[in-house]
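Input: a single structure, listed below in structure tokens.
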Amino acid sequence: MKPSIPKGTRDFLPSQVAKRNFIFETIKSVFSKYGYVPIETPSMENLTTLTGKYGDEGDKLLFKVLNNGDYLSKADQQALEDKNSSALTKSIAKKGMRYDLTVPFARFVTMHRNDLAFPFKRYQIQPVWRGDRPQKGRYQEFYQCDADVVGSDSLMYEAELVKIYDDVFSLLNIDVNILVNNRKVLFGIAEAVGVADKFIDMTVAIDKLDKIGEEGVVKELGQRDINNDQSQRILELLKIDNLTALSEAFQDCPEGLKGIEELRKFHSYLDQTETYNNITFDISLARGLSYYTGCIFEVKASNVEMGSIGGGGRYANLTESFGLKDVSGVGISFGAARIFDVMEELQLFPKKITQSIKALFIAFDEETHNYAFKQLSILRSKGIAADLYPSPSKLKKQMKYANDINVPYVILIGTDEMSSGALTLKEMETGEQRTLSLDQIAQLLV
RNA sequence: GUGGUUGUAGCUCAGCUGGUUAGAGCGCUGGAUUGUGGUUCCAGAGGUCGCCGGUUCGAAACCGGUCUUCCACCCCA
């Protein structure tokens with residue numbers, strides 16, 4: 001049979017894993033610096049944990065895990081007969097693959113609340129699964145790197161998380177624009193024009209402003225039962241790009257004013273420090289996931305066409321559905337696969353990260369091969385990553401291998417080198433050769 | 001989930017309105033070069049033309065189905 005992998009999934013070659021780890025290590029180092037600690041949760045969660053958290057669209061994209069055993073005999077016979085898939089699903093699948101890291105984290109916090117010190121700051125780097133139709137930069141299995149803090153509603157954390165974005169992307173050399181908005185501001189708009197009951201519909205439409213333009217948004221709003229007059233007023237409010245003017249428009253919208261107040265406070269923290277990247281207030285930023293309640297973030301790469309490479313926000317009530325009230329959380333997520341694609345496109349990966357060893361020994365015959373193995377062991381015992389070509393093959397073949405694995409140095413050992421102890425060290429990039437003792441080589445490579 | 005698109009050597013792709021033994025570049029293997037890779041030259045290996053079925057004397061090409069890729073929508077990292 002012909003081997004294949006499921007749609008939207010990928011294998012990773014050694015060089016790709018090396019690059020991905022470079023991204024992960026960079027992100028981890030920043031998370032740690034800010035005091036976040038790592039946790040892990042299972043790939044599968046109970047469907048009761050996951051359903052209803054991501055909106056109707058999200059529920060459709062959840063991967064369900066078929067029950068083990070004789071699941072058909074326990075299935076909902078009526079649903080089976082009616083060919084009602086969604087009703088049947090409940091009776092034959094009680095587990096699902098995690099869709100993001102935030103909801104499982106809320107479940108985790110609720111279950112382990114007595115073991116955690118609040119505010120609790122955690123990071124988590126694990127794959128998630130979505131039954132979405134694949135496209136470029138969009139997979140059914142992909143890694144997310146999340147940092148969240150729960151147990152405090154201080155806007156200091158919003159500022160801190162934006163600083164983390166700023167640090168990570170400047171370390172990775174990606175120029176980004178960090179967009180910020182507040183859900184309460186959006187609610188204020190809905191309130192101000194009298195469509196508070198259609199809040200979600202409104203956010204979905206205005207989120208597309210930069211994509212489909214004003215006309216498109218009006219059309220979209222119309223399809224969602226928001227009349228032309230209301231739509232025009234929404235567009236006018238969206239043109240306001242400073243908080244002072246916005247607060248005047250929100251005279252009678254306490255929720256909207258609160259959103260403005262939060263943004264001000266957030267900025268007052270951020271203003272105490274310098275940032276490398278642009279941080280922009282974007283009133284049309286909405287974000288799809290319905291659990292956000294306060295500040296929301298999205299990160300876009302400046303120099304390349306790609307969907308967002310990070311997103312996050314404040315969720316005041318996420319643990320409530322698990323029975324834990326008044327625990328506010330805020331978090332951010334990095335889309336590792338897309339960051340990978342952006343860095344590949346802009347050629348931002350350092351060449352060094354695909355180097356696995358510092359030096360490769362090359363021997364000319366059986367006797368020197370044995371001797372080289374001894375020298376190799378000595379070098380390794382000094383903590384230097386090194387290897388020996390497994391047989392004294394033709395030099396050309398061994399050198400080609402050295403070239404293929406991108407090793408910076410080769411150490412040539414023939415009869416002369418073995419008898420004198422003076423080894424030939426060749427630097428691959430320049431081709432320059434030197435005669436040195438193993439000790440000298442070790443010192444050079446440390 | 002809706003509409004479209006793609007699939008030919010390890011990779012990137014040619015292959016005309018259906019007609020002999022399906023090609024190129026790169027890569028790979030060997031040689032030119034018995035102590036030197038990344039350059040050059042020569043030779044060679046490698047293909048159930050995504051898969052299943054249909055039309056036809058004859059299918060890589062036409063038709064249907066299916067899987068996959070990418071694109072738009074939906075949504076999102």
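Every chain is numbered from 1 and lettered A, B, ... according to where its sequence line falls, protein lines coming before strand lines.
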Nearest to the side chain of [X], which nucleotide is it out of [options]?
X       : options                : value
K211(A) : G30(B), G37(B), C73(B) : C73(B)
P134(A) : U69(B), A77(B), C74(B) : U69(B)
M428(A) : G37(B), U69(B), G35(B) : G37(B)
D132(A) : G31(B), U36(B), C75(B) : C75(B)
R133(A) : G1(B), A77(B), U36(B)  : G1(B)
N403(A) : G37(B), U36(B), C75(B) : G37(B)
K397(A) : C70(B), A32(B), G30(B) : G30(B)
R138(A) : U68(B), A77(B), G35(B) : A77(B)
S308(A) : G37(B), C73(B), A77(B) : A77(B)
K7(A)   : C74(B), C28(B), U69(B) : U69(B)

Using the [atom1] atom as the point on both nucleotides, what is the distance between [M] and [N], in whole Å?
N      : M      : atom1 : answer
A72(B) : G50(B) : C1'   : 24 Å
U2(B)  : U8(B)  : C1'   : 30 Å
A32(B) : G7(B)  : C1'   : 40 Å
C28(B) : G53(B) : P     : 38 Å
G27(B) : C11(B) : C1'   : 7 Å
C51(B) : A43(B) : P     : 32 Å
A22(B) : U40(B) : C1'   : 30 Å
A24(B) : U69(B) : P     : 30 Å

Any donor-acceptor pair, under 3.5 Å, between the side chain of E417(A) and the base of G35(B), if you only look at N and O atoms? yes

Whether the side chain of K426(A) and the base of U36(B) hold a donor-acceptor pair under 3.5 Å is what I'd like checked. yes

With side chains defined as the heavy atoms from C-beta onward, is the minimum distance between [X] and [Y] less than 4.5 Å?
X       : Y       : result
F281(A) : L263(A) : yes
I234(A) : I226(A) : yes
L161(A) : Y34(A)  : no

To the nearest angstrom, how far is [X] atom [atom1] from [N] atom [atom2]?
X       : N      : atom1 : atom2 : result
I309(A) : A77(B) : CD1   : P     : 13 Å
Q398(A) : G38(B) : CD    : P     : 14 Å
D341(A) : C70(B) : CG    : P     : 10 Å
K400(A) : U39(B) : NZ    : C1'   : 13 Å
K60(A)  : C74(B) : NZ    : C1'   : 8 Å
L412(A) : G37(B) : CG    : P     : 11 Å
K208(A) : C75(B) : NZ    : C1'   : 9 Å
K396(A) : C28(B) : NZ    : C1'   : 13 Å

When T415(A) and E220(A) are each assigned the nearest nucleotide of RNA chain B, the 5'-most assignment goes to T415(A)

Closest-nucleotide 5' rank along RNA chain B - winner of Q144(A) and T9(A): T9(A)

Give none if [N] has no partner; otherwise give the nucleotide forming a Watson-Crick or G-U wobble pair with it, both distances under 3.5 Å.
N      : result
U6(B)  : none
U33(B) : none
U48(B) : none
G25(B) : C11(B)

Which part of the nucleic acid, if any, lies within reach of [X] when heavy atoms closer than 4.0 Å are counted: base, sugar-phosphate only, or nothing?
X       : result
G8(A)   : sugar-phosphate
I339(A) : nothing
V204(A) : sugar-phosphate
Y139(A) : base
G137(A) : base
Q135(A) : base
G55(A)  : nothing
L395(A) : base
Q433(A) : base
D404(A) : nothing

With a 4.0 Å cut-off on N to O distance, would you call K121(A) and E160(A) a salt bridge? yes

Tell me, please, which residues at least two apart from Y36(A) pass ring pair (Phe, Tyr, Trp, His ring centres under 6.0 Å). none

My understanding is that only residues two or more places apart in sequence, or in another chain, count here; which of them pass ring pair (Phe, Tyr, Trp, His ring centres under 6.0 Å) with F108(A)? H112(A)

List the steps and the verdict of salt bridge (Lys or Arg N to Asp or Glu O under 4.0 Å) for K219(A) and E215(A). CA-CA 6 Å; K219(A) 199 172 158 194; E215(A) 271 180 50; over 6 Å; no

Per-pair stack call Y401(A) and G37(B), 5.5 Å, 30°: no

Distance flag, aromatic centroids of Y165(A) and F334(A), threshold under 6.0 Å: yes

With distance as the sole criterion, is a donor-acceptor pair present between the side chains of D387(A) and Y401(A) under 3.5 Å? no

